Number of protein chains: 2
Amino acid sequence: MSTQNQSVLQQFHNITGKLKSYEEAIGLMQWDLRTGAPRKGAEQRAQTIGVLSGDMFKLSVSNEMGSCLDALEQPEQFEALSAADRKMVTDARKEFNRSRLIPPELYQEHVVLTSHAETVWEEAKEKADFEMFKPYLRDIVAKTQQFIDYWGVKDTRYDTLLDMYEPGMTVAKLDETFGQLRDSLVPLVQSVQASSQPEFEFLYRECPIEGQKVISLQLLKEMGYDFDAGRLDESVHPFMIGLNPGDARITTNYKTDDVASAIFSSLHEGGHALYEQNISKEFAGTPLSSGTSMGIHESQSRFWENVVGRSRPFWQHYYGSLQKLFPTQLQNVTGDMFYRAINRVEPSLIRIEADEVTYNLHIIIRYEIEKMLFNDELSVDDLPRVWQEKYESYLGVSPQNAGEGVLQDVHWAGGGFGYFPSYSLGNMYAAQIMNTMRKAMPSFDDTIAQGQLLPIKEWLSEQIYQYGKLLTPSEIIMKVTGEALNPQYLVDYLTEKTKDVYGI
Amino acid sequence: MSTQNQSVLQQFHNITGKLKSYEEAIGLMQWDLRTGAPRKGAEQRAQTIGVLSGDMFKLSVSNEMGSCLDALEQPEQFEALSAADRKMVTDARKEFNRSRLIPPELYQEHVVLTSHAETVWEEAKEKADFEMFKPYLRDIVAKTQQFIDYWGVKDTRYDTLLDMYEPGMTVAKLDETFGQLRDSLVPLVQSVQASSQPEFEFLYRECPIEGQKVISLQLLKEMGYDFDAGRLDESVHPFMIGLNPGDARITTNYKTDDVASAIFSSLHEGGHALYEQNISKEFAGTPLSSGTSMGIHESQSRFWENVVGRSRPFWQHYYGSLQKLFPTQLQNVTGDMFYRAINRVEPSLIRIEADEVTYNLHIIIRYEIEKMLFNDELSVDDLPRVWQEKYESYLGVSPQNAGEGVLQDVHWAGGGFGYFPSYSLGNMYAAQIMNTMRKAMPSFDDTIAQGQLLPIKEWLSEQIYQYGKLLTPSEIIMKVTGEALNPQYLVDYLTEKTKDVYGI
């Protein structure tokens, strides 16, 4: 590479490094606001976050960035770049175009609109009043349509949105995979409903937080969460934030009347954090030092929460510890009863309370609706009706009002169309990865049953975590499992598990 | 003001607002590093702080800032500005010139030099080896001399340094005030040494941290520290950091073998925090939203720690609570004995362990040496000898090695010449302010003896805190007390208290 191009590359690294620094500073301020920042400082803090975000945005779409990209994208230059630099240039260009193609005043309108809409949504949800939220939703959809037109329509308009959260994902692929998933899960759920439900009330007895902390910490340590490269705090909604590879923080929420929820949220956020903590240190300070997509990230949180954490071998090992911590609450509850309780399948109206099986149907409903909104001109007026029909058809339940129906999630108020599929993509990736891991590690179940979680972390680090954003989601899945996304693994995993739990 | 000038003013506000935002982000990252950030993230965090500090520096010396200042300093424009804007312009110009007058490569050399010097100092102090540190100290003094020449010599070279930390402070004023202080305190210390020391071993008995937390929290609440606008954490060295008026955080350090130290550090940092929390909200997000100088800030921490917290009426009220928390440790210890123990005067070698009286002599020694270094060409070679002579002459003690002598403080390794006087300025300001407060609030002692600390906070807020950086240190002192800095108040206060404690 010529000296001149080396200096362009250096300049590009300076810009991306700076963007990463701003992201880290903003991330810490957000973590702080959500964990323990004093109430009265929040308003000024929001302004500070606004200033830094603004500077970050300006830099990411600056002419300086544009010139670097133009130069580095020249074919002979691009070929001479390392794989890491090529990926960074590609990602930066995508981001640059995404931002530059939208007229600033339109972007500003969108910021104001979604900011208002989130406030209105909150009240509308509380009052279960869809009419109140409807004009905002209509405007957000319209504005998003405009954005798509500026960005350029991929195969369909909704494809353009999908690609933002899961690069390379398309309607064609999702129609196929989600279709297959839906067609298998709907009858599975129906077969469960013909069976008798396991007992589960013992999960919701009064149980002191201290014991929940003990087991959460134990599990995090044993799965390999590095407390020298992170910390555990409490917040209303559990989350993980990766500030840098040496600082991936998680939070949990202890409920005094739920013995298991903090455990599963710790495993879930711990899974996200293992990903961030084990990205190769050579990417530190670059945009590659981050999980590659929402879907792959979610596959890791769900792998640890569900595939590992709700498995029979896992509780063969850990149930004794849990029972010791809560001897009265879990008196006369066997490990088998506990395992069945935490895996019971029950159609419900609320996504975030759904079990491992029905959860995917909640997502598929949202996917199908979003796709119709953007591709088939489903009108916002018809949303509640379509919502109701799909819930009845797939889950056999029917919301009594918009609060427990179409208004339940904040995503649309913020304009986050295309995000929902990530959750079920995560489930599908996780099952597919498990299938490969079982072949590579035939003692998978025994290992877990002995409480040996570290080999699992090592394998995932080696196969997935270390790469950060270097590989795309589809490259990761192909490299790890030798085939493209295949929903059959999730169908098989859920079917087998459900049969085990229900003895059917 | 013309439209054009309004837009210049707007631009100036944008720049200063942005600088304040960066300061807040950097402040939070520093707080985090010192309270609970994971060890492995520290290196990357330091880089992030470096990036933001660099951007902040560049903006503060940008041509954009220069043009704003040039425009706003035009006499007819300047006169039309509000008092707040005038002060902001004046301060920004001072900072701008300070930074722009130094050639960047010289500044860079200084950063590298002091960074190395701090590492070497740490080892040299441990080994008590002055020779090891000497070449670095010589270079730092030489480089600082160069800086002074670029900045411009005020009355003397050392005046230029003093003004950085305490705007308006001069060698002429300090020679007079410190001289008067020294000539009064040296004989006072000698008279104490002729008296018998009070008992004090009971202060250093094993005492659980829990009880220390209870009383520290109680005191902070009762002095008016707003926990909705701050938080209390633990760190190795206690500190206060004011992120914004709604977020002034403090830390303390609990020692298991010291019943009083956490109490006094809480009062000290709490005093700093009261200042920051009570700055007028109209200055939020501007450079005026901060204490006006190191000296005035230190006057407030010391007012709460010493003037209030080591007073007889204070312990008349609080000793009962303390004794209840530590009944075995303080068995047979009366409130009077406790009061005398926490106020005993004893010449020692180490500044940070010194009592309220001798502390000032430690500072005066450093002041006299710094002044000689910069104004009278005292050579660094002669430092240990001069140090020894002054300690013998003022305090009657003599360091056995450089570790407990000239190497004890980190300040010089970081190039912080001119900073030390702030500590004793704080003591002098505090005593002078107390004198005025006693006149305005004749029930001062009774109020404290009733545990009514809020009226004191209110008075200080009204008189001092609300102004932030709007007024200079000398304006504040003149406005509050009706006269310029007068060391006699500190002399009288310390003399009276010492006589009370020693019954002399």
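Residue numbering restarts at 1 for every chain, and letters A, B, ... go by the order of the sequence lines. Fair warning: this is a prediction, and the values are worked out from it, not measured in the lab.
For B:Tyr107, the OH atom counts as loosely surrounded, since its 6.0 Å shell holds 12 or fewer non-hydrogen atoms of other residues, nucleotides or ligands. The environment of A:Glu458 atom CD is dense: over 12 non-hydrogen atoms of other residues, nucleotides or ligands sit within 6.0 angstrom. Counting heavy-atom neighbours within 6.0 Å of A:Glu109 CD, excluding the residue itself, gives a total above 12.
Looking at heavy atoms from C-beta onward, A:Tyr22 lies out of side-chain contact with B:Thr48 at the 4.5 angstrom threshold.
At a 4.5 Å heavy-atom cutoff, A:Ile49 makes no contact with chain B through either its backbone or its side chain. Of the two parts of B:Ala248, neither the backbone nor the side chain holds a non-hydrogen atom closer than 4.5 Å to a non-hydrogen atom of chain A. Interface residue B:Asp228: backbone and side-chain heavy atoms are both found under 4.5 Å from chain A. Contact of A:Arg249 with chain B is made through the side chain alone, with heavy-atom distances under 4.5 Å.
Ranked by heavy-atom pairs shorter than 4.5 Å toward chain B, the options A:Leu28, A:Val51, A:Leu243, A:Asp226 are led by A:Leu28. Taking chain A as the reference chain and counting heavy-atom pairs below 4.5 Å, the highest number among B:Pro245, B:Gly41, B:Ala284, B:Ala229 is found for B:Gly41. In terms of non-hydrogen atom pairs under 4.5 Å with chain B, the most contact-rich of A:Lys18, A:Arg45, A:Arg39 is A:Arg45. Comparing B:Arg231, B:Gln44, B:Lys40, B:Gln47 by heavy-atom pairs within less than 4.5 Å of chain A, the highest count is held by B:Lys40.
With rounding to the nearest 0.5 Å, the separation of CG in B:Leu52 from CD in A:Glu24 is 9.5 Å. Here the straight-line distance linking atom CG of A:Asp32 with atom CG of B:Asp247 works out to 6.5 Å at 0.5 Å rounding.
Of all non-hydrogen atoms in B:Gly230 and A:Pro38, the two that sit nearest each other are N-CB, 3.2 Å.
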